[in-house]
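A short write-up of the structure that comes next.
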Amino acid sequence: MPHELPKSYEPGAIETRWAEYWVYEKLFSVSTPPAGEARPVFTLLLPPPNVTGRLHMGHMLNQTQMDIIVRWHRMRGFITLWLPGTDHAGIATQMMVERQFAKEGKKRRDLGREKFIERVWEWKKLYGGAIFDQMKRLGASVDWDREYFTMDENLSHAVREVFVRLYEEGLIYRGKYIVNWCPRCETAISDLEVKHEEVAGKLWEIRYPIVGTDEFITVATTRPETMLGDTAIAVNAKDERYTHLHGKKALLPLMHREIPIITDELAQPEFGTGAVKVTPAHDPNDFQAGKRHNLPQIDVMDEHAHMNQNAGAYLGLDRYEARKRVLADLQEQGFLAGEKDYTLALGKCDRCGTVVEPRLSEQWFIKIKPLAQKAIEAVESGEITIVPENYKQIYLNWMNNIYDWCISRQLWWGHRIPAWTCDNCKHVIVAREAPLTCTKCGSTKLEQVSDVLDTWFSSGLLPFTTLGWPEKTRDQAVFYPTTLLITAYEILFFWVARMIMFGCHFMQEHEQDPAIKRASGWADKKNDSVPFRQVYIHALVRDAERQKMSKTKGNVVDPLEVIERFGTDATRFTLAAMAAPGTDIAFNESRTEGYRAFANKIWNAARFMFMNVDRLGFAWGQSPSPALSEAEGAVQPGQSPDSSRPAAGIVGFHTATLEDRWILSRFNRVTEEVNDSLETYRFHEAANRIYDFFWGEFCDWYLELIKHRLISTVGDEARTACGNLVNLFDAALRLLHPFMPFITEEIWQAIYDGKPHLQSVALASYPQVNENQVDLAAETQMAVLQDLIVSVRQLRLDLKVEARVKVPIELFVHDAGTGISIMQNEDAIKRLANVGSITNVEEWRARQAPSRGTSRFDVRVVYERKIDVAAECERLKKELEKIEREFANNQRQLNNEQFLAKAPSNVVEGLRRRAEELIVLIDKTKSKLHELGCK
RNA sequence: GGGCGGUUAGCUCAGUUGGUUAGAGCGCCUGCCUUACAAGCAGGAGGUCGCAGGUUCGAGUCCUGCACUGCCCACCA
């Protein structure tokens with residue numbers, strides 16, 4: 001029994017086996033095509049997971065969608081490169097390792113920079129490897145020969161190159177500015193890394209005495225502790241309440257320092273008291289005001305947000321402790337004028353949740369406007385398209401309101417900034433490699449700046465650095481721009497926007513090999529500097545209660561655990577089937593359970609096929625899965641891969657019977673729909689089409705219809721049926737493969753008995769529609785048959801006919817065509833509805849027995865058994881009501897001249913046809929009610 | 001303070017350009033171990049599409065307002 005599959009479907013064993021096979025055989029490794037080879041190319045960069053831990057459900061959704069698209073392209077004949085990698089994730093990873101140290105009672109500073117970094121590398125080896133193992137388990141068909149890590153030497157080299165070039169172009173500058181500072185992480189963070197949270201706070205009013213008078217000026221503040229660093233009070237020049245104080249000085253309470261009263265737009269008359277304290281070292285707005293008025297900057301806190309020596313008596317206190325003390329002291333000395341409830345948006349560190357402190361410090365920045373301009377143009381002009389489209393506007397809004405990007409971090413883990421400070425003259429040298437002497441004074445005492453770069457600086461370069469930049473490589477000529485980026489909304493600004501900015505800036509000179517064909521519809525694209533042509537933004541995976549998954553809430557669903565229980569195929573299918581663009585996914589295990597049942601269904605259908613194949617000694621090779629190199633799947637140069645070709649559809653399928661013509665037609669239509677859906681990232685649509693086709697049409701109807709030919713007939717008839725079955729199954733497996741790669745590979749390999757002409761179904765061609773195989777007449781005939789069979793089944797249950805009993809039926813057909821197609825398929829009806837004989841009656845005679853029908857036929861089961869007449873009457877009445885309602889509606893429209901004049905003819909035609917049907921149905925239902933003697 | 005999305009069956013969700021009778025899975029009810037599958041088969045019940053207006057021959061679908069809900073962005077003390 002060579003083709004026998006185990007009786008029960010056990011995904012675990014199958015999946016690990018094929019996952020290993022794909023990797024071991026290097027099936028997805030891509031060698032760069034030589035010049036002159038004209039095949040279409042599809043390139044996708046994996047958004048590199050952080051090396052901070054395990055993959056979560058969001059990764060799995062992301063990778064499932066990418067893998068579906070990637071496998072689909074590969075099967076359509078594209079040279080398909082999917083580049084995998086991981087991100088060093090500077091601050092996040094450093095935090096994880098620090099936490100590990102904290103458990104050992106150690107701090108990173110105890111170890112020193114070098115030793116600490118060694119430990120992080122160990123961590124990286126452990127978790128980076130684990131992430132790749134998990135990806136293999138998901139079936140991600142990446143090119144494992146091209147793995148990258150953002151801190152690899154070649155990528156680090158490119159990072160230095162970019163930094164130096166930007167510096168030389170004047171786009172990177174260094175300076176002392178107010179930045180977002182996390183006192184726990186002890187580093188600057190970018191605006192994007194600050195999350196605002198509304199909290200109930202207070203607005204305090206403080207009175208400052210005016211020097212030389214007994215007057216006071218009252219200011220409002222949410223952060224009284226910063227008053228210790230006040231260097232002015234601002235009022236609005238137009239605010240008449242304070243005109244008499246212009247040029248006067250106020251005495252800063254607690255510090256006994258005289259500060260000027262200045263006029264500045266910073267103060268808005270309608271807010272608070274109209275007067276505002278100015279603290280240039282602790283507030284970005286005040287910082288700007290301070291610059292305008294040449295005010296001193298007095299920093300009163302250290303890097304831990306503890307008060308420093310500038311805070312006088314408050315030295316050493318934590319900022320909140322200091323706040324309490326300041327307020328108490330103000331109160332005691334009579335300077336506290338009031339206290340109001342106030343809601344404020346508190347900035348917190350994205351990583352650790354600590355309240356961010358605006359802090360004056362020396363940092364490196366990217367002058368962003370010139371870069372943003374090109375990135376705006378690339379999207380506005382359509383050189384890059386964003387799907388769903390509403391994200392385009394979000395992207396543009398953000399880009400248009402962008403501020404300079406603080407790229408330096410006071411961390412240890414990351415790309416160290418390629419800048420050196422001269423010990424002697426303090427000159428700063430930015431260079432690609434460590435300089436030996438100071439370019440200014442010649443000193444050899446140089447020390448590299450200790451800061452590292454924001455982790456997004458290096459990941460923003462990946463689309464070209466992974467292809468060998470700054471060298472001009474063949475890889476770049478072939479694979480850049482990448483085709484597509486699939487990512488989560490969360491990192492649209494962090495990552496996507498940065499890649500666009502960097503790509504457009506650094507790849508201006510890029511020359512793409514003109515022989516390389518891209519996906520269809522891109523002929524009009526001119527700007528080859530963009531990092532990708534299209535961005536697909538996918539949803540967030542939430543838990544079953546629609547809550548965002550987070551470790552702190554403890555509602556994180558571990559994909560591997562789900563996979564363990566239901567299999568990767570079922571889990572992937574769940575994510576695909578729920579991924580309607582634009583809406584988040586509430587991950588619901590009952591769905592996964594349902595899709596495991598689907599996989600089981602496929603499994604058993606395959607067992608049924610093999611059972612017959614083996615019994616009939618069906619000869620192999622009659623229906624080989626077409627290879628990509630063969631006419632069907634291969635894409636010719638200049639040809640769009642999705643256009644239909646002569647060999648599309650299913651080759652060598654025999655269409656002697658109605659069910660064969662029907663299923664072939666259905667397969668082709670489903671194929672077309674699936675391809676169309678994938679073209680527009682409508683994963684859920686594609687998945688549901690395949691599901692409905694395989695289960696609802698192929699298994700429920702087709703298999704049942706061909707059973708007797710397989711089992712009860714001999715010779716050619718059975719063999720033809722079996723050949724069709726194998727052929728169809730093969731095609732269905734190819735159609736399904738991108739969604740459920742493992743089970744399809746397992747069955748496909750079994751079909752070819754371990755001797756496939758291709759190494760994998762993943763290298764076979766993806767089905768394409770063949771219009772000649774679409775047969776609408778067969779679909780209509782089949783629909784009548786199905787209606788009839790269902791009608792009889794309903795009647796059997798109404799009459800409580802025992803399941804095994806064959807019953808005779810009385811049939812009345814309304815037109816000759818219906819009669820002919822029913823009688824041609826008499827056997828099928830008898831088998832599927834367990835009918836003994838069919839009597840075709842010339843006229844429909846009244847009798848007190850239930851009947852069913854459509855506008856094409858009426859049917860009655862001949863069986864002596866009392867039925868619940870009242871219940872049947874009730875049902876019929878309800879039905880009559882419904883169709884009469886519809887008829888009334890239908891007539892209202894058909895009698896409406898406006899409708900007839902304006903509605904398209906096919907709609908009017910449809911309604912007319914329906915009207916005829918409804919008249920028949922109403923008439924019949926009424927006579928049935930009469931037959932049964934209902935009131 | 002700005003912007004975006006959601007509200008459809010008991011639950012979770014589909015429903016592309018407005019067009020004939022609004023769908024699926026799960027759950028529920030009834031009957032079946034029919035030799036591929038009980039993770040299954042056959043049949044069934046269940047919805048005034050959040051509310052109020054409007055546009056239209058025609059609205060779940062478009063417009064306006066409202067309610068509830070979720071998210072993102074934001075250097076006004």
Side-chain angles (χ1 to χ4, degrees), chain A residues 5 7-9 178 180 191 196 203 219-223 234 266-268 271-273 275-279 283-288 342 344-345 347 358 390-391 393-394 397-398 401 403 489-490 492-493 540 542 544 546 548 577-578 580 582-586 588 590-591 593-612 676-677 680 682 684-685 688 691-692 699-700 703-704 707 711 790 793-794 796-798 800 802-804 833-834 882-883 885-886 889-890 892-893 896-904 906-915 918:
Chain A
L5 300 178
K7 189 163 161 50
S8 69
Y9 165 61
I178 292 267
N180 304 298
D191 296 345
H196 291 92
L203 190 64
V219 301
T221 180
T222 54
R223 306 188 49 216
L266 179 69
Q268 294 180 10
F271 189 91
T273 60
V276 59
K277 61 195 260 318
V278 184
T279 323
D283 182 279
N285 288 313
D286 294 10
F287 174 78
Q288 295 298 340
Y342 186 71
L344 64 158
N390 55 318
Y391 288 109
Q393 205 49 52
I394 295 176
N397 284 345
W398 186 76
N401 296 298
Y403 289 88
Y489 169 73
E490 297 174 288
L492 181 61
F493 305 136
L540 222 59
R542 301 167 173 280
R546 303 215 120 262
K548 200 166 169 175
M578 297 188 77
T583 45
D584 286 347
I585 294 173
N588 198 329
S590 69
R591 289 289 286 266
E593 219 173 308
Y595 292 125
R596 182 189 51 181
F598 178 49
N600 186 54
K601 189 78 185 172
I602 296 165
W603 184 258
N604 281 293
R607 286 180 55 233
F608 175 74
M609 169 178 68
F610 288 131
M611 203 180 80
N612 289 291
D676 286 352
S677 297
T680 47
R682 306 179 69 82
H684 68 302
E685 220 173 69
N688 285 320
Y691 179 94
D692 292 340
C699 289
D700 289 348
L703 287 184
E704 292 305 323
K707 253 179 191 170
I711 294 167
V790 169
R793 286 169 176 170
Q794 287 171 335
R796 293 180 62 103
L797 278 165
D798 286 350
K800 297 191 178 9
E802 287 76 3
R804 289 164 196 233
N834 206 12
K882 197 181 152 201
I883 44 184
R885 229 186 353 253
E886 193 194 333
N889 200 36
N890 174 291
R892 203 180 49 233
Q893 288 194 72
N896 185 331
E897 279 172 35
Q898 297 267 35
F899 171 74
L900 296 177
K902 293 184 182 175
N906 64 320
V907 173
V908 178
E909 258 324 290
L911 271 184
R912 287 224 167 92
R913 266 201 306 277
R914 183 63 185 162
L918 287 171

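Within every chain, numbering begins at 1; the chains are lettered A, B, ... in the order of the sequence lines, protein sequences first and strands thereafter.
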* Structure fact -> Among the nucleotides B/G43, B/U16, B/C73, whichever has the atom closest to the side chain of A/Arg682 is B/U16

* To do: Measure the spacing between CG of A/Asn285 and CD1 of A/Ile178 and express it to the nearest 0.5 Å.
  => 10.0 Å

* Asked: Which one, B/A74, B/G19, B/C76, comes nearest to the side chain of A/Gln268?
  -> B/C76

* Using a 4.0 Å heavy-atom cut-off across all strands, classify A/Gln893 as base, sugar-phosphate, or nothing. => base

* To do: Please tell me which of the listed nucleotides, B/C57, B/C37, B/A74, lies nearest to the side chain of A/Ala345?
  => B/A74

* To do: Measure up the A/Tyr391 and A/Tyr489 rings against each other and bin them: parallel (under 30°), tilted (30 to 60°), perpendicular (over 60°).
  => tilted

* Asked: Using purine N1 to pyrimidine N3 plus N6-O4 or O6-N4 for Watson-Crick, or N1-O2 and O6-N3 for G-U wobble, each under 3.5 Å, what pairs with B/C4?
  -> B/G70

* Which part of the nucleic acid, if any, lies within contact of A/Arg223, taking any heavy atom under 4.0 Å across all strands shown: a base, the sugar-phosphate backbone alone, or nothing? -> nothing

* Out of B/G19, B/U12, B/C57, which nucleotide sits closest to the side chain of A/Pro904? -> B/G19

* Measure up the A/Tyr691 and A/Phe598 rings against each other and bin them: parallel (under 30°), tilted (30 to 60°), perpendicular (over 60°). => tilted

* In terms of side-chain heavy atoms of A/Val907, which of B/A42, B/U21, B/G19 is nearest? -> B/G19

* Structure fact -> Among B/U12, B/C57, B/A77, the one nearest any side-chain atom of A/Ala267 is B/A77

* To do: State which of B/A42, B/C73, B/A77 makes the closest approach to the side chain of A/Thr222.
  => B/A77

* Has the side chain of A/Glu704 got a donor or acceptor atom sitting under 3.5 Å from an opposite partner on the base of B/A42? -> no

* Asked: With a 4.0 Å cut-off on heavy atoms, is A/Val790 in touch with a base, just the backbone sugar-phosphate, or nothing at all?
  -> sugar-phosphate

* Looking at the side chain of A/Asn600, which of B/C37, B/A77, B/G15 is the nearest nucleotide? -> B/C37

* Using a cut-off of less than 4.0 Å, is there contact between a side-chain N or O of A/Arg793 and OP1 or OP2 of B/G43? -> yes

* To do: Assign each of A/Asp692 and A/Glu886 to its nearest nucleotide of RNA chain B by heavy atoms, then name whichever residue's nucleotide is nearer the 5' end.
  => A/Glu886

* Asked: Which one is paired to B/U64, where only Watson-Crick or G-U wobble pairs with both distances under 3.5 angstrom count?
  -> B/A52

* Would you indicate what A/Ala234 reaches in the nucleic acid, counting non-hydrogen atoms under 4.0 angstrom: base, sugar-phosphate, or nothing? => nothing

* Going from OG1 on A/Thr279 to CZ on A/Arg223, what distance comes out if it is rounded to the nearest 0.5 angstrom? -> 8.5 Å

* Asked: When we call it a touch if two heavy atoms are under 4.0 Å apart, what does A/Asp700 touch: a base, just sugar-phosphate, or nothing?
  -> sugar-phosphate

* To do: Report which part of the nucleic acid A/Tyr391 touches: base, sugar-phosphate, or nothing (heavy-atom distance under 4.0 Å, all strands).
  => nothing

* Hey, does A/Ile711 reach any base, or is it just sugar-phosphate, or nothing, if we go heavy atoms under 4.0 Å? -> nothing

* Out of B/A36, B/C57, B/A74, whichever nucleotide has its closest atom nearest the side chain of A/Trp398 -> B/A74

* Base, sugar-phosphate alone, or nothing: which one does A/Lys882 contact when heavy atoms must sit under 4.0 Å apart? -> nothing

* To do: Ignoring the backbone of A/Phe493, work out which of B/C13, B/C73, B/G40 is nearest its side chain.
  => B/C73

* Are more than 12 heavy atoms from other residues, nucleotides or ligands located less than 6.0 Å from atom CD of A/Glu704? -> yes

* Asked: Contact class for A/Arg607 vs. all strands (heavy atom < 4.0 Å): base, sugar-phosphate, or nothing?
  -> sugar-phosphate

* Structure fact -> All heavy atoms of A/Thr273 vs all of A/Ala220, minimum pair found to be OG1-N, 4.2 Å

* To do: Using the P atom as the reference point in each nucleotide, state the distance between B/U55 and B/C63 in Å, no decimals.
  => 15 Å

* Touch class at under 4.0 angstrom, heavy-atom based, for A/Arg914 against every strand present -> base

* Asked: Base, sugar-phosphate alone, or nothing: which one does A/Asn285 contact when heavy atoms must sit under 4.0 Å apart?
  -> base

* So what does A/Gln794 hit on the nucleic acid, given a heavy-atom distance under 4.0 Å: a base, only sugar-phosphate, or nothing? -> sugar-phosphate

* To do: Taking atom C1' in both B/A59 and B/U8, compute the distance separating them and give it to the nearest angstrom.
  => 14 Å

